[in-house]
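Here the structure is laid out as structure tokens; the discussion comes afterwards.
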Amino acid sequence: MSPKDTTPKTEGELESGVAPSANLPAAEKSPISAIVLAAMDPEVQALLDLQDVHCAGRSLSLADPDLKLGPADAWAVALEGASLLVVRTGIGLANAAAATALALNLTNAPLVISSGSAGGLGKDVEVGDVIVSTFSRYGQVDATAFGYELGQVPGQPVKFASPEDLVSRAEEAGAIAGQVISNDVFVMSDTVETFRERFPKALATDMETAAAAQISQAMGADFLAIRGISDLCGPRADQENHRDAGVVSAAAAQVIAQVVAG
């Protein structure tokens, strides 16, 4: 579709002109290498900027998404050797789950990546670090009275694993590997030790990743989170405790570009 094409796009149309069809094999059905989710505008912008860095062609604007996915917006982003569907989900677990399901149903993409900013939970995590998930899990779910582990939704696994080869690729690009937990609340200095005790291997916390991971697994797609640390849940006295979400999301986006390009 040319930049001047103003025809409204539906959930059945992609930049390549390929529409989803249950009768096509997966390799033909999806022109998308990965769906990349981001909750907020600065996080999305960091991903749209990849097109300008890696490819000549049309510019992308937050104000002009390529298509609507229910309440979410999406853009087709072309990288050298890969095509992304960048989705602005909105904040929170429910928004992330809905956008992931809609995007996967549309594209049958083989990979979903949760991107953007996150809070640093691990004691050695620094503002500006990029974290790649080894496992994603819920931080507030508690069905332990019924024999489930803390953070485990009944009927779901304790945690959602990321593919080891993709985690290694992200590490080679500079990311730090560890668990990511997701909550409906911000983890503040008065609660950080509780979460550290409950999830000692967790390095970062956000409000979307676990829900996207659950839906991705249910729909047969690989999943990982690649997030930049914008603030610390329990800042140390000698540590800058905040950085702009757009800045750390741009660092995460560079890692994502290297992961999807292979």
Side-chain angles (χ1 to χ4, degrees), residues 34-39 87 89 91-101 103-104 109-125 129-171 175-187 191-229 232-234 252 255-256 259:
I35 295 163
V36 186
L37 311 172
V87 181
T89 65
I91 297 170
L93 296 168
N95 280 332
T100 304
L104 280 171
L111 173 64
V112 176
I113 300 174
S114 173
S115 71
S117 58
L121 187 60
K123 290 184 177 181
D124 295 327
V125 172
D129 286 345
V130 175
I131 305 300
V132 58
S133 62
T134 52
F135 296 93
S136 305
R137 60 192 304 180
Y138 291 100
Q140 288 179 284
V141 174
D142 188 351
T144 54
F146 302 98
Y148 294 94
E149 290 194 28
L150 195 64
Q152 182 181 14
V153 174
Q156 296 294 322
V158 174
K159 52 194 176 184
F160 303 94
S162 300
E164 292 182 2
D165 60 328
L166 298 183
V167 173
S168 296
R169 204 177 293 170
E171 288 182 292
I176 301 168
Q179 292 188 17
V180 175
I181 64 170
S182 298
N183 301 289
D184 281 320
V185 298
F186 288 105
V187 179
T191 58
V192 63
E193 290 305 326
T194 298
F195 282 98
R196 284 173 174 167
E197 290 173 8
R198 291 175 176 175
F199 306 100
K201 295 183 179 180
L203 298 186
T205 178
D206 65 26
M207 303 182 77
E208 294 86 26
T209 285
Q214 179 180 340
I215 298 301
S216 297
Q217 177 172 290
M219 297 184 71
D222 287 335
F223 177 88
L224 75 163
I226 299 176
R227 296 263 185 161
I229 300 300
L232 301 180
C233 300
V255 174
I256 289 169
V259 168

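Just so it is clear, the structure is predicted and the values come from calculations on it, not from any experiment. All values below were derived from every heavy atom in this structure, side-chain atoms included, with hydrogens, water molecules and symmetry-related copies excluded.
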What verdict does the side-chain hydrogen bond (donor to acceptor under 3.5 Å, both in side chains) test give for Tyr138 and Gln214, after you've listed the backbone C-alpha separation in whole Å, the side-chain angles of each residue and the deciding distance to 0.1 Å? CA-CA 10 Å; Tyr138 291 100; Gln214 179 180 340; 2.6 Å; yes
Taking the side chain as every heavy atom from C-beta outward, state whether Ile35 and Val87 have any pair of such atoms under 4.5 Å apart. yes
Donor-acceptor contact present, side-chain Gln179 to main-chain Arg137, <3.5 Å: no
Okay, side chain of Ser162, backbone of Ser133: is any donor-acceptor separation there less than 3.5 Å? yes
Output yes when a side-chain donor or acceptor of Thr209 lies under 3.5 Å from a complementary backbone atom of Ser182, and no otherwise. no
How many angstroms lie between CZ in Phe160 and OG1 in Thr134, if you round to the nearest 0.5 Å? 14.0 Å
Minimum-distance pair of heavy atoms, taken over all atoms of Leu111 and Phe223: CD1-N, 4.1 Å
Check the pair Val125, Ile176 against side chain to side chain contact (heavy atoms under 4.5 Å, CB included), reporting the backbone distance first and the verdict last. CA-CA 9 Å; Val125 172; Ile176 301 168; over 6 Å; no
Test side chain to side chain contact (heavy atoms under 4.5 Å, CB included) on Val185 and Gln140 and set out the steps. CA-CA 9 Å; Val185 298; Gln140 288 179 284; 3.5 Å; yes
Within-4.5 Å side-chain heavy-atom neighbours: Asp206 and Arg227: yes
Heavy-atom closest pair (Phe195 atom, Gly139 atom, distance to 0.1 Å) is CE2-O, 3.5 Å
Quick one, Glu208 and Ile91 - any side-chain contact, counting heavy atoms below 4.5 Å? yes
Which heavy atom of Ala143 sits nearest to which heavy atom of Pro154, and what is that distance? CB-CG, 3.8 Å
Approximate separation, where rounding is to 0.5 Å, of Thr89 OG1 and Met207 CE: 11.0 Å
Partners of Thr144 by side chain to side chain contact (heavy atoms under 4.5 Å, CB included), sequence neighbours excluded? Asp142, Leu150
Hits for salt bridge (charged side-chain N to carboxylate O under 4.0 Å, His left out) against Arg196, two or more places apart or cross-chain, chain-then-number order -> Glu193
Straight-line distance of Glu149 CD to Lys159 NZ, nearest 0.5 Å: 8.0 Å
For the backbone of Val187 and the side chain of Thr191, can you confirm whether one donor and one acceptor N or O come within less than 3.5 Å of each other? no
Any heavy-atom pair between the side chains of Asp222 and Leu224 that's under 4.5 Å? no
Test Val255 against Val132 for side chain to side chain contact (heavy atoms under 4.5 Å, CB included), laying out the working first. CA-CA 9 Å; Val255 174; Val132 58; over 6 Å; no
Check against side chain to side chain contact (heavy atoms under 4.5 Å, CB included), Thr205 and Asn183: CA-CA 7 Å; Thr205 178; Asn183 301 289; 2.9 Å; yes
Gap separating the CG atom of Leu203 from the CG atom of Asp129, nearest 0.5 angstrom: 9.0 Å
Mind listing the closest non-hydrogen atom pair of Gly228 and Ala252 along with its distance? N-CB, 3.8 Å
Is the shortest heavy-atom distance from the side chain of Ile229 to the side chain of Ile131 under 4.5 Å? yes
